[in-house]
Amino acid sequence: MVHRIFLLGPQGCGKGTQAAILSERLKIPQFSMGQLLRDAAVGTDNLAERIRVIQSKGELVPGNIVAEVLRARLHMPDCANGYILDGFPRNQDQYDSYAEHDKPTAVIVIEVPREVSIERIAHRSRTEHRTDDTPDAIRRRLEIYDQDTEPMINHYRSQGLVREVDGVGIVEEVADRIYGVCTAQGGC
Ligand code: AMP
């Protein structure tokens, strides 16, 4: 079975960590839209500079850039048997652009209370020094999640694709929950 798994959840829910674990278990590649864009933002050309400025503010990178970066990654041969994508789609425009070609096989939503989310991002900003983990950018990213991304989860929910997973607990516990929903009937 070809998996096209989307992993969504508020910033700090553990998407990146969980995507990496699930990728090993299912033996399919995983990538995050945020990381693909950070990779595209390396360099001195105008596009790279534009992406860097937008990411540092916590705003969404324009849809045409996202679509192009994602298209290039999905065309790589390792995606032929499926993939796990985290951080996409974040709004209607991205939802529509993906829906034109394909449909995810499952959308895993990692749920954590807002205070856990904020605490984890604060911890990450002390250890990883991501330039977009400033208080203003974090607030903005969470606001975008509530306003623009949540409604996309509702679209997928109405299609029976959403698998909600409790993201509170240690990494291994959450990983086992995710693997559990993926291997259950109706899975991923
Ligand atoms: P993340 O690593 O998922 O927290 O994303 C970091 C930043 O990358 C976001 O704040 C956006 O600036 C950008 N980004 C990530 N995913 C998307 C997306 N699907 N659409 C537009 N911008 C994105």
Side-chain angles (χ1 to χ4, degrees), residues 4-23 29-43 46-74 79 83-104 107-112 114 116-156 161 165 167 174 178:
R4 289 181 300 277
I5 301 173
F6 287 175
L7 209 51
L8 290 172
Q11 281 63 34
C13 72
K15 285 192 299 281
T17 306
Q18 295 301 336
I21 298 173
L22 188 62
S23 154
Q30 61 88 18
F31 30 92
S32 100
M33 202 57 235
Q35 188 60 47
L36 292 178
L37 291 166
R38 277 190 289 280
D39 294 345
V42 173
N46 271 346
L47 179 65
E49 172 65 18
R50 233 177 114 204
I51 298 175
R52 279 201 294 278
V53 169
I54 294 168
Q55 280 194 318
S56 71
K57 292 186 196 152
E59 296 293 339
L60 291 183
V61 172
N64 58 336
I65 300 177
V66 171
E68 178 53 32
V69 168
L70 181 59
R71 195 196 56 79
R73 183 65 187 86
L74 295 183
C79 288
Y83 50 84
I84 300 165
L85 172 56
D86 98 58
F88 179 93
R90 276 177 142 106
N91 61 19
Q92 186 74 49
D93 173 38
Q94 296 180 10
Y95 175 98
D96 291 340
S97 81
Y98 188 85
E100 275 173 26
H101 309 283
D102 231 329
K103 190 176 165 178
V107 178
I108 299 175
V109 180
I110 307 180
E111 297 190 311
V112 291
R114 194 44 53 94
V116 173
S117 201
I118 291 171
E119 173 49 41
R120 288 189 189 165
I121 307 171
H123 177 77
R124 181 173 75 192
S125 67
R126 289 193 293 272
T127 55
E128 286 178 26
H129 309 292
R130 258 177 61 169
T131 52
D132 58 349
D133 279 344
T134 61
D136 278 350
I138 292 167
R139 204 172 306 119
R140 182 66 188 129
R141 278 149 64 208
L142 288 169
E143 200 174 89
I144 292 173
Y145 184 80
D146 292 341
Q147 282 171 11
D148 300 337
T149 309
E150 280 276 4
M152 301 310 109
I153 295 174
N154 290 335
H155 286 328
Y156 289 131
L161 293 174
V165 173
V174 179
I178 292 178

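Note that the coordinates shown come from a computational prediction; the quantities given were computed from them, not determined experimentally. Remember, it's 1-based here, ligands and their atoms both numbered in the order they're listed.
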Colleague: Is Arg52 reaching over with its side chain to a backbone N or O of Ala41, donor-acceptor style, under 3.5 angstrom?
Modeller: yes

Colleague: Short question: side chain of Arg141, backbone of Asp132 - any donor-acceptor pair under 3.5 Å?
Modeller: yes

Colleague: Arg38 heavy atoms, cut-off 4.0 Å: which ligand 1 atoms fall inside?
Modeller: 2 (O), 6 (C)

Colleague: Check this for me - ligand 1, Leu60, N or O atoms closer than 3.5 angstrom, yes or no?
Modeller: no

Colleague: Under a 4.0 angstrom heavy-atom cut-off, which atoms of ligand 1 come close to Leu37?
Modeller: 13 (C), 14 (N), 15 (C), 17 (C), 22 (N), 23 (C)

Colleague: Given Arg140, Gln55, Gln94, identify the one with the heavy atom nearest to atom 18 (C) of ligand 1.
Modeller: Gln94

Colleague: Looking only at heavy atoms, is any part of Asp132 under 4.0 Å from ligand 1, and if so is it the side chain, the backbone, or both, or is it neither?
Modeller: side chain

Colleague: Using only atom types and a distance under 3.5 Å, with no angle test, would you say the side chain of Arg90 pairs donor to acceptor with the backbone of Asp148?
Modeller: no

Colleague: Provide the number and element of each atom of ligand 1 under 4.0 Å from a heavy atom of Glu59.
Modeller: 11 (C), 12 (O)

Colleague: Going by the order shown, which atoms of ligand 1 are within less than 4.0 Å of some heavy atom of Val66?
Modeller: 20 (N), 21 (C)

Colleague: Would Arg114 and Asp146 pass as an ion pair if we require N to O under 4.0 Å?
Modeller: yes

Colleague: At under 4.0 Å between heavy atoms, is it the side chain or the backbone of Arg141 that contacts ligand 1, or both, or neither?
Modeller: side chain

Colleague: Go through ligand 1 atom by atom and flag the ones less than 4.0 Å from a non-hydrogen atom of Gly34.
Modeller: 2 (O), 5 (O), 8 (O), 15 (C), 16 (N)

Colleague: Checking Lys15 side chain against Ile110 main chain: does a donor-acceptor pair fall under 3.5 Å?
Modeller: no

Colleague: For the ring-ring contact (aromatic ring centres under 6.0 Å, His included) test, which of Phe31, Tyr98, Tyr95, Tyr83 pairs with Phe6?
Modeller: Tyr98

Colleague: Taking only residues two or more places apart in sequence or in another chain, which ones pass side chain to side chain donor-acceptor pair (under 3.5 Å) with Asn46?
Modeller: none

Colleague: Roughly how far, to the nearest 0.5 Å, is CZ of Arg139 from CD1 of Ile121?
Modeller: 11.5 Å

Colleague: Does Gln35 come within less than 4.0 angstrom of ligand 1, counting non-hydrogen atoms of the residue?
Modeller: no

Colleague: Any idea which heavy atoms bring Ala40 and Val69 closest together, and the distance?
Modeller: CB-CG2, 4.2 Å

Colleague: For ligand 1, which part of Val61 has a heavy atom less than 4.0 Å away: the side chain, the backbone, both, or neither?
Modeller: both

Colleague: Any heavy atom of Arg130 closer to ligand 1 than 4.0 angstrom?
Modeller: yes

Colleague: Using heavy-atom distances only, which candidate in Lys57, Arg90, Met33 approaches atom 1 (P) of ligand 1 most closely?
Modeller: Arg90

